*Asks:* 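Dumping the structure here so I can ask a few things about it.
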Number of protein chains: 2
Amino acid sequence: MNIQFKKGVLEICVLSVLAHKDCYGYELVNEISKQIDISEGTIYPLLRRLKDEGYVTTYLQESVEGPPRKYYLLTESGRKEEHELKEEWMRFTTAVNALLVGKNDAAE
Amino acid sequence: MNIQFKKGVLEICVLSVLAHKDCYGYELVNEISKQIDISEGTIYPLLRRLKDEGYVTTYLQESVEGPPRKYYLLTESGRKEEHELKEEWMRFTTAVNALLVGKNDAAE
DNA sequence: AACATGTATCTTGTTATGCAAGATACTGTG
DNA sequence: CACAGTATCTTGCATAACAAGATACATGTT
């Protein structure tokens, strides 16, 4: 899978999954892996960034299957960001697809 | 415009435009700019890479409007790459969109 | 008890790519 | 002659994904 394609996109994916339900990091890897390859070395730094930027907050919850889980939940700002990023992604893919089919001429 | 989204994608855009017609660098910037912001500091290193990888070859052609133009044309290998990258891009966007609408569950 | 496996989090160093800013140079116009 | 438009190219910076490894808890196996 083309690593470069994922740049910036995994961020929307994480925000989008969190928009549906709170998740812990390991769970996010599993959820997103159903569609896109993603490694733990990617998700944890990304989650830290999202927290630093105020898009998510966290809470700890114990587990019977292993060490405690750190759940992430969207803030108000995170929901807004999720919405805006999604719109930008749609605009971007529309623009790229227009180029790929060769219909990018202005007026002819 | 989200810079990260473009990572790896501009390469397909260039290959795709070149699949329709030979272009020189400055012309590619203008063509692609109709849909996506792209700067000259991006296109020239990218074109060099494509040449190093054997996806394009070049020829010079004089111009009455300025300095000589360096035209790029796809090689056989370049056409193949263009096709494969495009397919990968389609698969990728399909996967991302599945995640964004929350329909990424296995069997329910 | 020792070990492996699955669960769970996190860090370090590497790699790739896009961009801003600038250098260079040719042509035609004021 | 200076300037704008055309055209190519380079340097240094920022960003984000990844591989590999460290840590630690719970359970099952030898």
Side-chain angles (χ1 to χ4, degrees), chain A residues 1-15 22-33 35-53 55-56 58-72 81 85 88-89 92 95-96 99, chain B residues 1-15 22-33 35-53 55-56 58-72 85 88-89 92 95-96:
Chain A
M1 182 178 291
N2 193 318
I3 292 176
Q4 300 301 322
F5 285 171
K6 303 182 200 172
K7 297 290 172 82
V9 179
L10 294 180
E11 179 172 340
I12 324 175
C13 293
V14 166
L15 291 174
D22 297 358
C23 287
Y24 52 100
Y26 194 79
E27 186 183 14
L28 277 167
V29 171
N30 290 331
E31 283 294 318
I32 293 174
S33 291
Q35 297 290 346
I36 302 167
D37 287 342
I38 187 173
S39 73
E40 292 158 20
T42 300
I43 207 88
Y44 290 111
L46 170 52
L47 287 169
R48 170 173 291 275
R49 252 182 281 146
L50 293 176
K51 191 176 182 185
D52 289 346
E53 287 165 344
Y55 297 139
V56 299
T58 58
Y59 57 90
L60 277 176
Q61 197 164 294
E62 287 186 34
S63 162
V64 289
E65 300 167 73
R69 297 163 171 170
K70 188 192 273 188
Y71 278 84
Y72 293 79
E81 177 74 0
L85 263 184
E88 191 165 358
W89 169 248
F92 178 74
V96 171
L99 269 178
Chain B
M1 182 178 291
N2 192 318
I3 292 176
Q4 299 301 322
F5 286 171
K6 304 180 200 171
K7 297 289 175 81
V9 178
L10 294 179
E11 180 172 340
I12 324 174
C13 294
V14 166
L15 291 174
D22 297 358
C23 287
Y24 52 100
Y26 194 79
E27 187 183 13
L28 277 167
V29 172
N30 290 332
E31 283 294 317
I32 293 173
S33 292
Q35 297 290 346
I36 302 167
D37 287 341
I38 187 173
S39 74
E40 292 157 21
T42 301
I43 206 88
Y44 291 110
L46 170 53
L47 287 168
R48 171 174 290 276
R49 252 182 280 144
L50 292 176
K51 191 176 181 184
D52 289 345
E53 287 163 343
Y55 298 138
V56 299
T58 59
Y59 57 90
L60 278 177
Q61 198 163 294
E62 287 185 34
S63 163
V64 290
E65 298 168 75
R69 297 163 171 170
K70 189 191 271 187
Y71 278 83
Y72 292 81
L85 263 184
E88 191 165 358
W89 169 247
F92 179 73
V96 171

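Everything numeric here is computed off the predicted structure, so don't read it as measured data. Every chain is numbered from 1 and lettered A, B, ... according to where its sequence line falls, protein lines coming before strand lines.
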*Asks:* Between Glu27(A) and Glu11(B), name the one whose nearest nucleotide on DNA chain C is closer to the 5' end.
*Replies:* Glu27(A)
*Asks:* Can you tell me how far the CD1 atom of Ile43(A) sits from the CD atom of Glu31(A), to the nearest 0.5 Å?
*Replies:*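 Spacing of CD1 (Ile43(A)) from CD (Glu31(A)) equals 11.0 Å.
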*Asks:* Categorize Asp37(A) for me: base, sugar-phosphate, or nothing, with a 4.0 angstrom heavy-atom threshold over every strand shown.
*Replies:*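 Contact class for Asp37(A): sugar-phosphate only.
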*Asks:* What is the distance from CZ of Phe92(B) to P of dA17(D), rounded to the nearest Å?
*Replies:* 9 Å
*Asks:* Rounded to the Å, how far apart are Asn2(A) CG and dG18(C) P?
*Replies:*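 Going from CG in Asn2(A) over to P in dG18(C) covers 10 Å.
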*Asks:* Is Ser63(B) near enough to dA7(D) that one of its side-chain N or O atoms lies under 4.0 angstrom from OP1 or OP2?
*Replies:* yes
*Asks:* Among dA17(D), dT17(C), dT10(D), which nucleotide sits nearest the side chain of Lys7(A)?
*Replies:* dA17(D)
*Asks:* Calculate, to the nearest 0.5 Å, the distance between atoms CZ and CD1 belonging to Phe5(A) and Ile36(A) respectively.
*Replies:* 12.0 Å
*Asks:* Identify, between Pro67(A) and Ser39(A), the residue whose nearest nucleotide on DNA chain D lies closer to the 5' end.
*Replies:*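 The 5'-side residue here is Ser39(A).
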*Asks:* For Leu46(A) and Glu65(B), find the nucleotide of DNA chain D closest to each by heavy atoms; which residue's nucleotide sits nearer the 5' end?
*Replies:* Glu65(B)
*Asks:* OH of Tyr71(A) versus P of dA8(C): gap in Å, rounded?
*Replies:*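 From Tyr71(A) OH to dA8(C) P: 8 Å.
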*Asks:* How is Gly41(B) classified with respect to the nucleic acid when contacts are heavy atoms under 4.0 Å: base, sugar-phosphate, or nothing?
*Replies:*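 Since a base atom lies under 4.0 Å of Gly41(B), the category is base.
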*Asks:* Measure the shortest side-chain to side-chain distance between Asn2(A) and Phe92(B) over non-hydrogen atoms and say whether it is less than 4.5 angstrom.
*Replies:* no
*Asks:* Between Arg48(B) (CZ) and dT10(D) (C1'), how many Å, whole number?
*Replies:*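 That distance rounds to 10 Å.
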*Asks:* Does Asp37(A) offer a backbone N or O that forms a donor-acceptor pair with the side chain of Lys6(A) under 3.5 Å?
*Replies:* yes
*Asks:* Hey, could you give me the CG/CG distance between Leu47(B) and Leu28(B), rounded to the nearest 0.5 Å?
*Replies:*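 It comes to 6.0 Å.
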*Asks:* Within this structure, what is the NZ-to-C1' distance between Lys70(B) and dT10(D), rounded to whole angstrom?
*Replies:*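 Between C1' of dT10(D) and NZ of Lys70(B): 13 Å.
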*Asks:* Ignoring backbone atoms, establish whether Arg49(B) has a side-chain N or O less than 4.0 Å from OP1 or OP2 of dC9(D).
*Replies:* no
*Asks:* dC26(C) phosphate, OP1 or OP2: any side-chain N/O from Arg69(B) under 4.0 angstrom?
*Replies:* no
*Asks:* Could you state the atom-to-atom distance from CD of Gln4(A) to P of dC19(C) in whole Å?
*Replies:* 13 Å
*Asks:* Between dA17(D) atom P and Ile3(B) atom CD1, what is the distance in whole Å?
*Replies:*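 In whole Å, dA17(D) P and Ile3(B) CD1 are 14 Å from each other.
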*Asks:* Is the distance from OP1 or OP2 of dT8(D) to the nearest side-chain N or O of Tyr24(B) less than 4.0 Å?
*Replies:* no
*Asks:* Check whether any side-chain nitrogen or oxygen of Tyr26(B) sits under 4.0 Å from OP1 or OP2 of dT6(D), and answer yes or no.
*Replies:* yes
*Asks:* When you check the phosphate oxygens OP1 and OP2 of dT10(D), does a side-chain N or O of Tyr44(B) lie under 4.0 Å from one of them?
*Replies:* no
*Asks:* Rounded to whole Å, please give me the gap between CG in Leu47(B) and C1' in dT10(D).
*Replies:* 15 Å
*Asks:* When the ring planes of Tyr24(B) and Tyr71(B) are compared, do they come out parallel, tilted or perpendicular, using 30° and 60° as the limits?
*Replies:* perpendicular
*Asks:* Looking only at the side chain of Tyr72(B) (C-beta and beyond, no hydrogens), which of the listed nucleotides dC19(C), dC9(D), dC10(C) gets closest?
*Replies:* dC9(D)
